[in-house]
There are 4 protein chains.
Amino acid sequence: MNSSAAIADSDTPLRRRRKQARPQELLDAALALFVEKGFAATRADEVALRAGVSKGTLYLYYPSKEELLKAVIAHFLSARIAQAEAALAEVSGPVAPALRAMLSAWWMALYDSPASGVFKLVITEVRNFPEIAEFYLRQVVDPAHALLGRALQMGMASGEFRRVNIDDAVHSLVLPLIMLCLHRHSLGACAADSRLEPMRFIAGHINLVLDGLAQPAPN
Amino acid sequence: MNSSAAIADSDTPLRRRRKQARPQELLDAALALFVEKGFAATRADEVALRAGVSKGTLYLYYPSKEELLKAVIAHFLSARIAQAEAALAEVSGPVAPALRAMLSAWWMALYDSPASGVFKLVITEVRNFPEIAEFYLRQVVDPAHALLGRALQMGMASGEFRRVNIDDAVHSLVLPLIMLCLHRHSLGACAADSRLEPMRFIAGHINLVLDGLAQPAPN
Amino acid sequence: MNSSAAIADSDTPLRRRRKQARPQELLDAALALFVEKGFAATRADEVALRAGVSKGTLYLYYPSKEELLKAVIAHFLSARIAQAEAALAEVSGPVAPALRAMLSAWWMALYDSPASGVFKLVITEVRNFPEIAEFYLRQVVDPAHALLGRALQMGMASGEFRRVNIDDAVHSLVLPLIMLCLHRHSLGACAADSRLEPMRFIAGHINLVLDGLAQPAPN
Amino acid sequence: MNSSAAIADSDTPLRRRRKQARPQELLDAALALFVEKGFAATRADEVALRAGVSKGTLYLYYPSKEELLKAVIAHFLSARIAQAEAALAEVSGPVAPALRAMLSAWWMALYDSPASGVFKLVITEVRNFPEIAEFYLRQVVDPAHALLGRALQMGMASGEFRRVNIDDAVHSLVLPLIMLCLHRHSLGACAADSRLEPMRFIAGHINLVLDGLAQPAPN
DNA sequence: CATGAATGAGACTTCATTCAT
DNA sequence: AATGAATGAAGTCTCATTCAT
């Protein structure tokens with residue numbers, strides 16, 4: 001705006017841009033390493049090295065390794081949950097086809113992104129850092145569960161689905177997809193398994209559960 | 001049972017008897033702590049303390065913490081897989097009811113036992129110790145997957161089930177139950193969740209998937 | 001000496017300057033302690049303490065106690081051997097007087113320096129770390145033996161010395177002087193011995209052996 | 001003597017014999033290991049194992065590892081010193097030939113026996129256990145030095161030897177032979193050295209020094 | 001006497017965190 | 001703001017010594 005600002009800007013444009021990008025770069029590096037090796041087995045130097053900064057710089061942005069962990073978990077969630085809520089809010093008419101399409105797309109995108117590792121991180125570390133449990137339940141589990149519960153409820157109300165325990169059905173639908181993300185970052189990273197084709201499984205599983213929910217009860 | 005065993009028992013001096021029980025006690029303690037805190041965050045002294053021995057004694061039985069981990073993973077698996085194979089081998093006639101009964105019982109018992117924690121341990125540590133991947137795949141994943149695959153195959157051959165991808169179906173059936181065990185030792189250990197009733201979910205999920213597999217394809 | 005070095009020195013911040021001096025300080029401390037107490041009986045903390053740094057700093061410079069040992073042995077040798085080679089290379093004319101002067105000076109200086117302890121270190125530790133054997137033989141024993149062997153050979157060729165086994169003569173000349181260094185760091189450090197006056201013995205022994213080599217063979 | 005003793009004897013003749021042999025077996029094992037690996041780096045179990053007994057038994061005979069070390073050093077010395085004194089006491093007539101014969105025989109036998117390792121042990125450990133210094137000086141160094149000093153004195157008195165510092169001459173004579181024993185248990189145990197033929201060197205060195213002492217002063 | 005299971009102090013080494021530059 | 005040298009608490013593992021059998 002004024003000349004001094006202009007000078008400051010032109011003085012360090014790259015530095016400023018890098019400085020602003022630092023937190024994201026550190027979070028990316030931390031996520032990758034925490035997911036791969038576990039929180040306790042990841043050294044602070046490794047995170048800094050992967051983010052391209054020195055060890056000291058890491059501590060300029062996060063006061064401790066533990067705070068970095070919490071930031072990682074908090075960061076890689078919010079946007080996606082909100083996005084799912086928006087997508088389901090627009091559904092009108094038969095709920096099953098909409099769920100099929102929307103869930104497949106959402107989980108496939110998540111599976112393919114580094115954010116899929118957050119599940120492993122939460123599973124692994126939540127008992128050592130109870131604050132994480134509360135945060136994760138409030139910010140992720142509760143909204144997502146409620147979202148899907150409402151969708152299934154709508155399907156039952158409309159007669160598309162038969163009446164079963166809604167909470168169980170949500171879990172039947174979602175737990176294997178979470179498990180798939182866990183697998184990607186554990187056994188799946190060690191050895192390929194021809195029996196498990198992730199994209200096919202995501203679609204197939206959603207179909208299977210929605211079919212299981214559909215009228216009439218068989219067997 | 002037989003007299004020689006009885007004599008051996010009463011003959012066995014206390015030292016000898018304790019020595020024989022040590023490995024099991026150490027494995028129990030190690031499983032509980034590794035599952036709760038993670039391998040890297042568990043101190044060798046803690047394991048020893050929980051097993052009621054000194055730190056040095058632990059190293060009399062396992063040459064390193066890592067070997068202890070491997071022993072834990074190898075130990076809490078074999079018997080249960082074999083038992084499941086035996087149970088399914090006896091099935092004749094309609095396969096769906098047998099699966100319902102047998103799977104429910106097997107998973108409920110596993111869920112309630114400390115062995116359920118091994119899943120968390122494998123998920124968490126397999127990338128740091130690649131040996132574990134091979135062992136686990138060969139000794140647990142492969143046999144169990146083959147077992148269930150054969151059962152579903154029989155159901156399709158007899159017309160009980162419609163034809164879907166068998167591998168996916170096995171995963172749809174099993175992954176949520178593994179996820180349930182993971183949950184028990186992570187979030188579930190931090191906060192009760194009234195939406196998830198483990199025993200109800202085990203039965204409900206098995207029903208849901210088997211229903212989803214049943215003829216005719218709905219929707 | 002030159003201006004750029006002077007500038008570099010005065011420019012160098014304290015941290016940098018200390019970092020450059022660290023290896024030498026650590027090697028000095030390690031030599032003193034390893035020679036005094038033995039490698040196995042010296043604790044890493046002691047070395048660090050004597051060098052004026054913390055335990056962790058030691059490991060910033062040497063990755064393990066064993067590598068520190070190897071560095072100590074490698075360090076306190078090279079210069080002196082090279083210096084001896086240079087001194088003997090200049091000899092022309094009668095070899096005996098030159099040897100008398102040069103050997104006396106060289107061994108007296110060595111005896112008085114901490115480097116004399118390296119002999120004890122090698123004697124003591126070589127069987128536990130076979131790498132040391134190869135290094136020491138190639139870098140110290142072989143060059144030094146060859147050097148003296150050539151000198152005695154010259155003396156025999158010129159008729160100054162009578163013909164005896166050259167290797168034995170080298171050993172007769174050198175082994176007591178090494179033994180004197182060992183003594184300084186073992187029994188000699190515990191109790192004074194009026195019978196052994198180091199400087200007198202160095203000169204006396206060299207004379208005795210060169211006299212023993214001189215023409216004609218007596219007795 | 002009496003019947004109970006007879007019974008005891010016939011009761012456990014083998015055991016008694018082994019029990020009496022135990023201290024010697026333990027000392028042999030300890031000497032070999034202490035010389036090879038050093039005192040601090042030798043584990044008590046290793047000594048017991050090499051002696052064919054259990055770890056506990058070692059402590060029945062020696063109250064601590066340190067006491068075992070002292071016993072080892074004290075044990076492998078006495079007889080040989082006494083024997084040397086007896087041999088030199090008988091000398092009459094020219095002393096040089098007698099010294100040549102007697103010293104060669106004595107050092108060759110010592111070099112070939114495990115007792116040669118004691119020198120390394122003393123050199124290595126004397127600073128950690130000052131008691132050893134006093135014992136070794138009184139029991140070994142002083143008598144042996146006095147013995148040889150008297151012999152050289154006789155040679156000078158009779159005109160066989162020219163007059164030099166007697167203490168230095170004793171050291172010139174003896175230190176290389178000690179050094180040879182050290183070498184056998186350090187570098188010599190790691191790599192053969194064709195330049196050093198022990199038996200040839202023992203004889204050659206003794207000749208060289210006695211020649212160096214002989215009349216007239218050359219050079 | 002002899003054993004060997006058990007102990008726990010103490011060694012080496014790592015790594016989260018600090019701070020002078 | 002950024003660095004990286006330095007620290008020292010804490011962890012894994014060893015081993016001299018004890019003692020119940």
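If you're wondering where the values come from, they're calculated on a predicted model, not measured in any experiment. First the proteins, then the strands, lettered A, B, ... as listed; each starts at 1. We use all heavy atoms of the structure for the numbers below, so side chains are in, but hydrogens, waters and symmetry mates are not.
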Starting at atom [atom1] of [X], determine the distance to atom [atom2] of [N], rounded to an integer number of angstrom.
X	N	atom1	atom2	answer
A:L49	F:dG4	CG	C1'	13 Å
D:F34	F:dA16	CZ	C1'	12 Å
C:L69	E:dA11	CG	P	18 Å
D:R43	E:dA11	CZ	P	17 Å
B:E67	F:dT14	CD	C1'	17 Å
A:E46	E:dA16	CD	P	8 Å
A:L60	E:dT17	CG	C1'	12 Å
A:L58	E:dC15	CG	P	15 Å

Out of [options], which has the shortest distance to the side chain of [X]?
X	options	answer
A:S54	F:dA10, E:dG10, F:dT3	F:dT3
A:K65	F:dA2, F:dA6, E:dA16	E:dA16
A:V53	F:dT3, E:dA2, E:dT17	F:dT3
D:S64	F:dT3, E:dA11, F:dT17	F:dT17

- Name the nucleic acid region contacted by C:Y62, choosing base, sugar-phosphate or nothing; use a 4.0 angstrom heavy-atom cut-off, strictly under. nothing
Mind checking if A:K55 touches a base, just sugar-phosphate, or nothing, with heavy atoms under 4.0 Å?
base
As its Watson-Crick or G-U partner within any shown strand, both distances under 3.5 Å, F:dA1 has none
Answer for the Watson-Crick or wobble partner of E:dC15, both distances under 3.5 Å, is F:dG8
Paired with D:K70, the salt bridge (charged side-chain N to carboxylate O under 4.0 Å, His left out) test is passed by just one of D:E134, D:E125, D:E131, namely D:E131
In short, C:V53 meets C:R22 closest at the heavy-atom pair CG1-NE, 3.2 Å
Taking every heavy atom of D:R127 against every heavy atom of C:K120, the minimum-distance pair comes out as CD-NZ, 4.1 Å
Contacts of C:D45 and A:P63 projected onto DNA chain E by closest heavy atom; the upstream (5') one is C:D45
Note: for B:K19 and C:Y59 on DNA chain E, the residue whose nearest nucleotide lies more 5' is B:K19
Quick check on F:dA6: is either OP1 or OP2 less than 4.0 Å from any side-chain nitrogen or oxygen of C:R22? yes
* Could you tell me whether C:R50 and C:E46 have a side-chain N and a carboxylate O separated by less than 4.0 Å? => no
CZ of A:F39 to CG of A:L68, rounded to nearest 0.5 Å, is 7.5 Å
Closest to the 5' end of DNA chain F, once C:G52 and B:G56 are matched to their nearest nucleotides, is C:G52
